[in-house]
Amino acid sequence: MDHTTIEIIVLTTTFIGLMLIRVPISLCIVASTLSVFLMENFGLELISHKMIDGLNTYALLTIPFFILAGQIMGEGGLAKRLIRFALLGFGRFPGGLAMVNCLACLLFGNISGSASADMASVGTVMIPQMVKKGYSKEFATSLTISASVQGVVVPPSHNLILYALAYGAAAPSINALFLAGVFPGLVICAILMTAGALLAVKNGYTVKETIPKGEYGKIIFDGIFSIMPCVIILGGIFSGWFTATEAGAIACLYAFIITFFFYKDIPIKDFWPIILKTLRICSLVFFLMSASAAFSYVLTILRIPEMITQLLLGISSNPLILLFIIACLLILLSAPMDMAPLIMIMTPILKPVILSMHVDPIHFGIIMMLSLGIGLTIPPHGAVLFIGCALTDTPIGKAVQSMLPFYLILFICLMVIVYIPQLSLFLPHLIR
Amino acid sequence: MEDSKEPAQIQKKEVNWVFSLLLSIDKAFEELSKIMLLTMIVIVCFQVFARKLFSYTPTWSLDVTIFLLIWFSFLGIAMGFRERIHLAFTSIHFSDNANFYIEKLISIFEIVFSLILIVYGTKLTLNDFGQIIPTMGNLPIAYRTLAVPVSGVLILFYGIFQFFGVDLKRHKGLGGH
């Protein structure tokens with residue numbers, strides 16, 4: 001065995017071994033990197049240096065900004081307003097609440113950019129409302145779980161930012177990735193809405209919910225102001241007025257003013273705990289970022305990405321088949337693992353594969369988000385599935401059972417996104 | 001108990017002044033990182049408005065935000081260790097007995113990691129006194145790099161207490177594993 005092979009074995013065994021005994025994943029990444037550094041006789045300053053390098057990016061600021069904006073809006077009763085807004089449009093149809101649920105998740109995702117926030121906020125309001133109208137608890141829960149997946153695809157998904165940062169040299173811009181998420185988000189929403197309504201009608205949930213005419217004005221007004229951060233982000237990027245990072249800061253400012261001075265659902269003293277929650281998410285994302293910077297350096301010197309490329313190209317050289325295999329692989333990997341570490345680890349590994357297949361990295365970013373997003377709904381480690389089950393006291397087994405048709409629907413969505421690259425690429429190409 | 005100001009286990013004991021000093025330093029760092037986040041938002045917003053309204057782009061804004069970002073991130077990383085919120089693979093369940101030793105082992109890993117940050121972070125900081133950030137009044141880059149050993153010291157502090165089974169968490173209900 002040559003030196004490199006031994007190093008690769010040490011790297012993977014350290015990583016997997018430590019991960020299995022619950023050492024935080026970022027620390028596993030550091031430890032396995034460290035083992036290779038020691039074997040290669042590198043100075044260990046390099047680790048601290050690489051860790052700083054990983055965080056020394058202006059674009060990284062986008063993450064805390066969008067998380068904070070989403071948190072402020074979310075705590076300030078965003079879900080409630082968006083649901084009323086969606087009810088106005090779709091509550092009148094049979095199975096309408098199912099459609100409302102999907103649309104509300106899309107809109108909420110457009111502000112928070114996170115699937116778990118989507119599930120927690122929309123689910124808290126929407127599921128009891130659906131149950132009250134005769135929907136079964138399991139159906140309502142599994143519908144919300146699947147609809148929340150939209151949150152990781154649509155802008156301002158902070159996982160997309162992680163993808164851009166993990167991609168390294170010649171990465172697609174965050175602006176382009178955000179724009180790329182728009183149409184796939186809409187298509188997934190359309191598919192989910194149709195399927196959700198059909199399933200609801202099939203199960204006999206046909207109660208309609210209409211809103212009195214007198215409230216129309218207020219609901220539309222509230223709705224428009226609630227989705228304004230998304231308009232600021234996309235409008236700002238599209239018109240070239242500001243970058244994604246600047247859009248994040250402006251969105252925070254907007255969210256702060258509208259929540260604490262106009263809606264006033266929560267008192268201003270709640271602002272401090274909201275910052276703390278943002279700090280919490282940033283803490284784990286940033287550790288991951290800095291640890292992965294050192295890790296991807298090791299991956300490169302061990303030439304692991306090239307090996308994986310050879311391996312995958314050995315299976316097939318047809319990009320259509322390979323993309324299918326990669327998407328399935330990502331879903332499988334994301335079942336036991338969290339999304340963010342997978343993005344940081346798999347992106348540099350898969351980068352040469354997609355480049356050699358001439359797949360646009362922007363398109364691949366969206367595929368990766370959706371595949372890993374589906375992983376959030378799969379046991380044993382689906383974060384969104386767990387939140388959903390915890391919200392409604394549904395046993396995981398029962399939830400998975402009622403999720404089965406939705407897994408199929410989500411998979412169909414994924415295939416649509418994989419095989420129609422124009423959906424992801426139309427808007428980003430427009431601004432080039 | 002809801003969001004407690006000081007760690008629960010400590011409250012019960014006779015608290016000596018060294019310990020309470022350490023805890024207030026820890027608390028100060030946490031408040032500092034919140035303020036840094038707000039400052040970054042204000043700077044970036046200012047940058048946008050200055051550019052759009054007065055066609056003026058401040059030269060310092062980028063470097064100052066990066067400076068704050070690095071400090072914010074490393075203090076955040078340290079806080080993550082205290083609150084035990086860093087993502088871990090929790091799908092496998094161990095017996096209580098095994099858990100006890102695993103927790104100790106994890107603390108040891110954290111301590112080793114913190115020592116690396118302290119030792120090599122300090123080396124890096126000392127090296128960085130030569131380089132300066134011109135837009136920030138020629139401040140040496142070392143003050144930015146200093147975030148690494150400082151977060152190392154914090155992690156060491158949390159790691160040692162965790163090893164002896166003292167729960168330093170300040171915030172209940174912050175989630176995590």
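We use all heavy atoms of the structure for the numbers below, so side chains are in, but hydrogens, waters and symmetry mates are not. Chain letters run A, B, ... following the sequence lines, proteins first, then strands; residues in each count from 1.
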Working to the nearest 0.5 Å, report the span between CD of B/Gln47 and OG1 of A/Thr243. 7.5 Å
For [X], is it the side chain, the backbone, both or neither that has a heavy atom under 4.5 Å from a heavy atom of chain B?
X        : result
A/Leu68  : side chain
A/Val30  : side chain
A/Phe242 : both
A/Leu27  : side chain

Nearest heavy atoms of B/Ile77 and A/Ser290, plus distance in Å: CD1-OG, 3.8 Å
I need the minimum non-hydrogen distance between B/Phe113 and A/Met51, along with the two atoms involved. CZ-CE, 4.0 Å
Where on B/Leu38 is there a heavy atom nearer than 4.5 Å to chain A: the side chain, the backbone, both, or neither? side chain
Quick one: what part of B/Phe67 sits under 4.5 Å from any heavy atom of chain A, side chain, backbone, both or neither? neither
Checked A/Leu279, A/Leu18, A/Val285 vs chain B; the most non-hydrogen pairs under 4.5 Å come from A/Leu279
Below 30° counts as parallel, above 60° as perpendicular, anything between as tilted: where do the rings of A/Phe286 and B/Phe72 land? perpendicular
Is the CZ atom of A/Phe42 crowded by more than 12 outside heavy atoms at less than 6.0 Å? yes
